[in-house]
Protein chains: 2
Amino acid sequence: MAATLADVAARAGVSTATVSRVLNGNYPVSAVTRERVHRALGELDYVVNGPARALAAATSEVIGVIVNDVSDPFFSIQASGTQWEAASADLLAVICNTAGSPSDELKYISMLLRQRVRGVVLTGGSREEPEHLTAITKLIGQALSAGTTVVMCGRPAPPDVDVPCVAFDNEGGSRALTRHVITMGHKRIAYVAGPPGNSTTTARLNGHLKALEEQTIEKSVVLHGDFSRASGFDAGMELADAGYTAIIAGNDLMALGVIAALRQRGIRVPDDISVAGFDDLPAAVDVVPALTTVRLPLDQGARRAGRIASGVEVVTGPTKLWMPAELMVRESVTPPR
Amino acid sequence: MAATLADVAARAGVSTATVSRVLNGNYPVSAVTRERVHRALGELDYVVNGPARALAAATSEVIGVIVNDVSDPFFSIQASGTQWEAASADLLAVICNTAGSPSDELKYISMLLRQRVRGVVLTGGSREEPEHLTAITKLIGQALSAGTTVVMCGRPAPPDVDVPCVAFDNEGGSRALTRHVITMGHKRIAYVAGPPGNSTTTARLNGHLKALEEQTIEKSVVLHGDFSRASGFDAGMELADAGYTAIIAGNDLMALGVIAALRQRGIRVPDDISVAGFDDLPAAVDVVPALTTVRLPLDQGARRAGRIASGVEVVTGPTKLWMPAELMVRESVTPPR
DNA sequence: TTGAAAGCGCTAACAA
DNA sequence: TTGTTAGCGCTTTCAA
């Protein structure tokens, strides 16, 4: 059995209160006593009992991060940034994969709440269904009243929910990208959006549509994928011979899928069809042609969210922290032949 | 303040023990009572206090996963697999990024131990320095005697440490890969290894050297990177004009770096120089030419480790669970001109 | 500067 | 089937 505070106290010939004090360093303890306690601590290989401490102190040394799937680079970059900041604050980070399921999301938030986590970071696009919004609003309310900090990262807070929000400029970035494609001379442009009812999909699609509108380009197709490479591949197959000169995907993963499909069909990118993505994942520079896309400061945003969730940075109320999007012009978009 | 068991008990007009029983369903409770308790539970928005439960039950509902960096796909795939299995067992997964630092690794293991986690999965290559091995052996010993399951995933257990070990066949895979390159007719082969003193580096390098030996190929250069794309790029620059007809990298990320460097130098792959990687990350099929590499069942292995750490699967003692490596022949390796 | 002692919210004997 | 009660290991008043 592991040594307890009482064991250490006995060995050092002091009370448990004193041991607790030297452990936390929040009260004066004489140098000799402290020395004695430290020795006992070492001799017994003492390890604090986190749950006991959390119970007594009514707060744990853990934060939670909700993502769609950590194996997707879009999320793993964010998870990594948040975890890093948590570690700087001596906190542990629990990572939860929802696979985009609203019910899993709710389940995970409850699990985190029950662990009395310090804070929770919600990443990814949020589902826009009213039922889900209601449920999550209630859960966030519970969290808040329990003293748990909640931060949104890359998704809007539900209406009337006062939590800080790290916002990536999805709409602006998307608009800039489509503008760029139009500027290159494209008129027949297909768009492969993310899943419907997702806030990220909506923002990016809106940016795209606004750009089309402002340039009075004939409105063209919008297909929906699910942000996975496979769904991009399917879309690419479908669009291969449809006469478009450019295909803009809602994220890089789908863009890679589109390119793979076109390649399989013997269509050259960008010579025959231009392709653009969104996110600027690391792989964007390794594909040939290098992907024209939009960079989002995912790591930076996630770190900010991590700092807030860890309580290192205090942000009050429904503050929006805007993170800029940056157009990355590379080789996958050229003027149409 | 959140409702406690006592609040629920009072409201339902029963004892806390009864409430606890309906919550855990491990003792008979009459249907009517259960119903009453359930109603009280709902009315009060009751959420179990995890720390309190963990303290009383002497075990938490959390497992830990130690990785180098979740933003690296090699690790994020494993983290995701383990997390998924944890969730199936209704456990939360804490993910820790060590950035390859042995001291961080020790720090995280202690933090996990103090949270009294159910189990810990250690992934990635382990450092082979004796000091570190000693320290980690001690920590694992503490974990084990505290009832925490420890599982190695993709790295060997320290000597004389009896923990189960999901082992990827790094050496065999590497040997098969180099053999393949030799079979294609290459004689001047450079190898870009991972960081020295890392068990994964060593295993893969050994496989490579054995293949050279068995085919009596003149021993050639071995450079060391750190498994990052950037270090692969540097190595590629260094090897570009050194007269090698093939460059084998210790992992895909470095292979991508090598290819990028060669491309920048105007050297064509595979026409001028063949390049191979290891891991078969998702990006391997999107680069042009598609990367010849070795596939490791990372997800599957990590899931297995997750199941063991979660206590779903019981594996006793120092069992080695071998996971096969599979040669993936694609386009980046062709016969030399 | 130190100690005694009362919880924190839950589980699990032990009784009834 | 249900209640009583003694902890689990720590923090934190309150006294000394």
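Convention: sequence-line order gives letters A, B, ...; per-chain numbering from 1.
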[X] atom [atom1], neighbour heavy-atom count above 12 within 6.0 Å:
X	atom1	result
A:Glu43	CD	yes
A:Asn26	CG	yes
B:Lys320	NZ	yes

Dump every N/O contact between nucleotides 12-16 of chain D and the protein below 3.5 Å, one line per pair.
{"from": "D:dT13", "atom 1": "O4", "to": "A:Arg21", "atom 2": "NH2", "distance (Å)": "3.2"}

Quiz item: Can you tell me if the side-chain N/O atoms of B:Ser15 get under 4.0 Å from OP1 or OP2 in D:dG3?
Solution: yes
Quiz item: So, is A:Thr33 near the phosphate of C:dT1, with a side-chain N or O under 4.0 Å from OP1 or OP2?
Solution: no
Quiz item: Are B:Arg53 and B:Glu61 within salt-bridge range, i.e. N to O under 4.0 Å?
Solution: yes
Quiz item: So, A:Asp299 and A:Arg303, do they make that salt bridge, N to O below 4.0 Å?
Solution: yes
Tell me the interatomic distance from [X], atom [atom1], to [N], atom [atom2], rounded to whole angstroms.
X	N	atom1	atom2	result
A:Asn49	D:dG9	CG	C1'	6 Å
A:Arg36	C:dG3	CZ	C1'	13 Å
B:Leu44	C:dG9	CG	P	13 Å
B:Leu55	D:dG7	CG	P	14 Å
B:Leu5	D:dT4	CG	P	15 Å
B:Arg34	D:dT1	CZ	P	9 Å
A:Glu35	C:dT1	CD	P	16 Å
A:Arg114	C:dT11	CZ	P	10 Å

Which atom pairs, one a donor and one an acceptor, fall under 3.5 Å between side chains of residues 112-122 of chain B and the rest of the protein, sequence neighbours left out?
{"from": "B:Arg116", "atom 1": "NH1", "to": "A:Val48", "atom 2": "O", "distance (Å)": "3.3"}
{"from": "B:Arg116", "atom 1": "NH1", "to": "B:Leu113", "atom 2": "O", "distance (Å)": "3.1"}
{"from": "B:Arg118", "atom 1": "NH1", "to": "B:Ser60", "atom 2": "O", "distance (Å)": "2.7"}

Quiz prompt | side-chain contact (heavy atoms from CB on, under 4.5 Å), paired with B:Ser310, selected from B:Thr149, B:Asp90, B:Leu91 | solution = B:Leu91
Practice problem: State, without any angle test, whether B:Thr4 and B:Asn49 hold a side-chain donor-acceptor pair at a distance under 3.5 Å. | Solution: no
Quiz item: Do we see a donor-acceptor contact under 3.5 Å between the side chains of B:Thr18 and B:Ser15?
Solution: yes
Exercise. Between A:Val48 and B:Pro28, just flag the one whose closest nucleotide in DNA chain D comes earlier from the 5' side.
Key: B:Pro28
Self-check item: Range-with-range stems of DNA chain C (Watson-Crick or G-U pairs under 3.5 Å, three or more in a row)
Solution: C:1-16 with D:1-16
Quiz prompt | Side chain of B:Val14 - closest among D:dG9, D:dT2, D:dG3 | solution = D:dG3
